[in-house]
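We use all heavy atoms of the structure for the numbers below, so side chains are in, but hydrogens, waters and symmetry mates are not. Every chain is numbered from 1 and lettered A, B, ... according to where its sequence line falls, protein lines coming before strand lines.
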Amino acid sequence: MINFDLENTLFCGQSFCWRKEGEFYVAVLNNKVYRINEKSEIEDPFLIHYLDMDFDYQLALSKIRKMDPFLDEAVTKCNEIHILNQDLWETIIGFILSQNNNIKRIEGLYDTLCRTYGNEVEEGYFSFPRPHMLKDVTEEDLRNLKVGFRAPYILDAIKNAQVLLSIEDKDDREADEILQSVKGIGPKVSSCIRLFSLHRLNAFPKDVWIKKIMKLMFEGKDESIFYPYAGLAQQYLFHYARLGYLPEV
DNA sequence: CACCAGGCCGTGC
DNA sequence: GCACGGCATGGT
């Protein structure tokens with residue numbers, strides 16, 4: 001039985017691969033189709049780690065609640081959201097697609113990449129393509145898939161896939177440096193990748209929503225007030241705001 | 001028609 | 001160092 005908020009976790013904008021199909025949430029991960037819901041007994045070690053079920057969220061959330069009343073409210077409304085341990089490569093491309101884009105369209109582009117270059121692991125279900133499956137892709141190919149100006153960025157990531165996939169055991173500063181050496185990866189995308197695939201909990205992605213909230217609710221302060229759970233706090237603020245709870249300006 | 005979306009790049013100062 | 005326009009696409 002799942003004892004955290006699965007729906008908020010899967011649809012709070014950290015992942016682009018989950019779909020709702022009937023009573024299940026469905027995604028292709030780890031080269032197979034996963035179908036889960038709130039009643040699922042999660043025993044697969046891959047899923048336990050992916051869903052971050054070994055992390056002490058009771059402790060983290062009790063600390064976060066004490067940091068700020070607005071944040072406390074966000075945790076109350078959004079329940080227990082987990083930070084996923086997603087595949088590094090899939091997260092890199094996913095968040096390159098995210099820039100100056102909206103979540104619906106990011107999901108669509110992500111799905112198109114799977115259908116075009118991934119493996120069909122079950123009829124109608126495609127994996128996200130590994131770097132070697134993309135080695136012959138051209139900019140024109142990608143533009144035909146409607147990724148727009150992100151096409152050369154994706155190509156640069158493919159070209160540098162090997163070094164990109166070596167950042168798992170690098171420290172934050174060096175990981176950031178390697179990530180941002182790729183064209184199209186700046187500070188925001190880099191921090192998303194570190195947070196949502198490497199579980200670097202102090203990474204604090206500053207998108208338009210977060211910038212708005214920080215200005216509105218935490219004027220003059222920065223993410224260090226949320227250490228050592230800045231990334232988790234960020235995700236609550238982001239999701240809470242997107243649900244429509246941003247106070248009127 | 002405008003403006004926006006989980007930004008970043010190139011240029012100019 | 002910071003400010004600005006441009007960028008593909010689709011939605012409102």
Side-chain angles (χ1 to χ4, degrees), chain A residues 7-18 71 74 78 81-84 86-113 115-116 128 137-160 164 175-218 222-223 226 230-246 249:
Chain A
E7 174 143 3
N8 278 340
T9 295
L10 300 181
F11 297 105
C12 66
Q14 60 176 320
S15 173
F16 306 114
C17 63
W18 289 93
L71 196 44
C78 301
I81 294 178
H82 283 199
I83 301 293
L84 299 171
Q86 301 183 80
D87 177 82
L88 176 55
W89 175 246
E90 296 173 13
T91 308
I92 288 170
I93 301 300
F95 279 93
I96 286 177
L97 291 173
S98 78
Q99 66 167 276
N100 204 38
N101 212 344
N102 62 70
I103 292 181
K104 266 283 158 286
R105 218 171 79 83
I106 299 164
E107 290 171 345
L109 293 173
Y110 190 95
D111 187 56
T112 300
L113 285 178
R115 291 178 180 281
T116 308
F128 191 87
V137 172
T138 67
E139 178 168 340
E140 191 190 354
D141 293 336
L142 291 171
R143 285 189 185 265
N144 287 338
L145 302 180
K146 306 301 177 190
V147 303
F149 63 87
R150 306 167 191 87
Y153 304 163
I154 295 169
L155 282 185
D156 199 36
I158 295 169
K159 197 174 74 186
N160 294 289
L164 282 173
D176 248 335
E177 203 171 294
I178 293 172
L179 285 167
Q180 293 186 36
S181 72
V182 170
K183 203 178 283 297
I185 300 183
K188 194 272 173 181
V189 169
S190 178
S191 60
C192 284
I193 294 165
R194 288 190 296 112
L195 180 57
F196 301 133
S197 77
L198 302 185
H199 212 262
R200 305 295 173 90
L201 283 192
N202 273 339
F204 193 82
K206 289 188 264 273
D207 74 313
V208 289
W209 294 92
I210 292 296
K211 284 176 183 165
K212 217 180 293 181
I213 295 169
M214 291 306 285
K215 186 162 175 51
L216 213 55
M217 308 297 296
F218 304 95
D222 69 10
E223 64 268 31
F226 304 128
L232 185 58
Q234 178 274 160
Q235 200 52 22
Y236 275 96
L237 296 175
F238 174 78
H239 192 54
Y240 190 54
R242 279 198 355 116
L243 290 176
Y245 294 104
L246 196 63
V249 183

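When heavy atoms are screened at a 4.0 angstrom cut-off, A/F16 is found touching no nucleic acid atom at all. At a threshold of 4.0 angstrom between heavy atoms, the contacts of A/Q235 include nucleobase atoms, whether or not backbone atoms are also involved. Residue contacts shown for A/G13 include a base, since a base heavy atom lies under 4.0 Å away. Among the heavy atoms of the strands lying under 4.0 Å from A/K146 are primed sugar atoms or P, OP1, OP2 only; no base atom is included.
The nearest heavy atom of DNA chain B to A/D207 and to A/V182 marks one nucleotide each, and the one closer to the 5' end goes with A/D207.
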Output a table of nitrogen or oxygen pairs between the protein and nucleotides 10-13 of chain B separated by less than 3.5 Å.
| residue | atom | partner | partner atom | Å |
| --- | --- | --- | --- | --- |
| B/dG10 | OP1 | A/K183 | NZ | 3.0 |

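Side chains of A/L155 and A/K183 form no contact here, defined as non-hydrogen atoms less than 4.5 Å apart. Between A/E140 and A/N144 the shortest side-chain heavy-atom distance falls below 4.5 Å. The shortest side-chain heavy-atom distance between A/N8 and A/H239 falls under the 4.5 Å cut-off.
As a whole-Å value, the separation of A/E107 CD from C/dG10 C1' is 14 Å. In this structure, A/F204 places its CZ atom 16 Å from P of B/dG6, rounding to the nearest Å. Straight-line distance from the OH atom of A/Y153 to the C1' atom of C/dG6: 10 Å, rounded to whole Å. Between A/K211 atom NZ and B/dA5 atom P there is a gap of 11 Å when expressed in whole angstrom units. Spacing between atom NZ of A/K188 and atom C1' of B/dA5 amounts to 11 Å, rounded to whole angstrom units. Taking atom CG of residue A/L142 and atom C1' of nucleotide C/dT9, one finds them 15 Å apart after rounding to whole Å. Rounded to whole Å, atom C1' of B/dA5 lies 15 Å from atom CD1 of A/I210. Straight-line distance from the CG atom of A/L179 to the P atom of B/dG7: 17 Å, rounded to whole Å.
Non-hydrogen atoms lying under 4.0 Å from DNA chain B are contributed by A/S98, A/Q99, A/N100, A/N101, A/N102, A/I103, all within residues 96-105 of chain A.
Aromatic stacking is not marked for A/F95 over B/dG6, as the cut-offs of 5.5 Å for the centres and 30° for the planes do not both hold.
Every residue meeting the ring pair (Phe, Tyr, Trp, His ring centres under 6.0 Å) condition with A/H82, not counting sequence neighbours, appears here in chain and number order: A/F4, A/Y57.
Residues A/F226 and A/Y236 place their aromatic rings such that the two centres sit no closer than 6.0 Å.
Of the candidate nucleotides B/dC8, C/dA8, C/dT9, C/dA8 has the atom nearest to the side chain of A/F149. Nearest nucleotide to the A/R150 side chain, out of B/dG6, B/dC9, C/dA8: C/dA8.
Comparing B/dC4 with C/dC7, their C1' atoms sit 14 Å apart, to the nearest whole Å.
Between A/S98 and A/N101, the side chains place no donor N or O within less than 3.5 Å of an acceptor N or O (distance only, hydrogens not considered).
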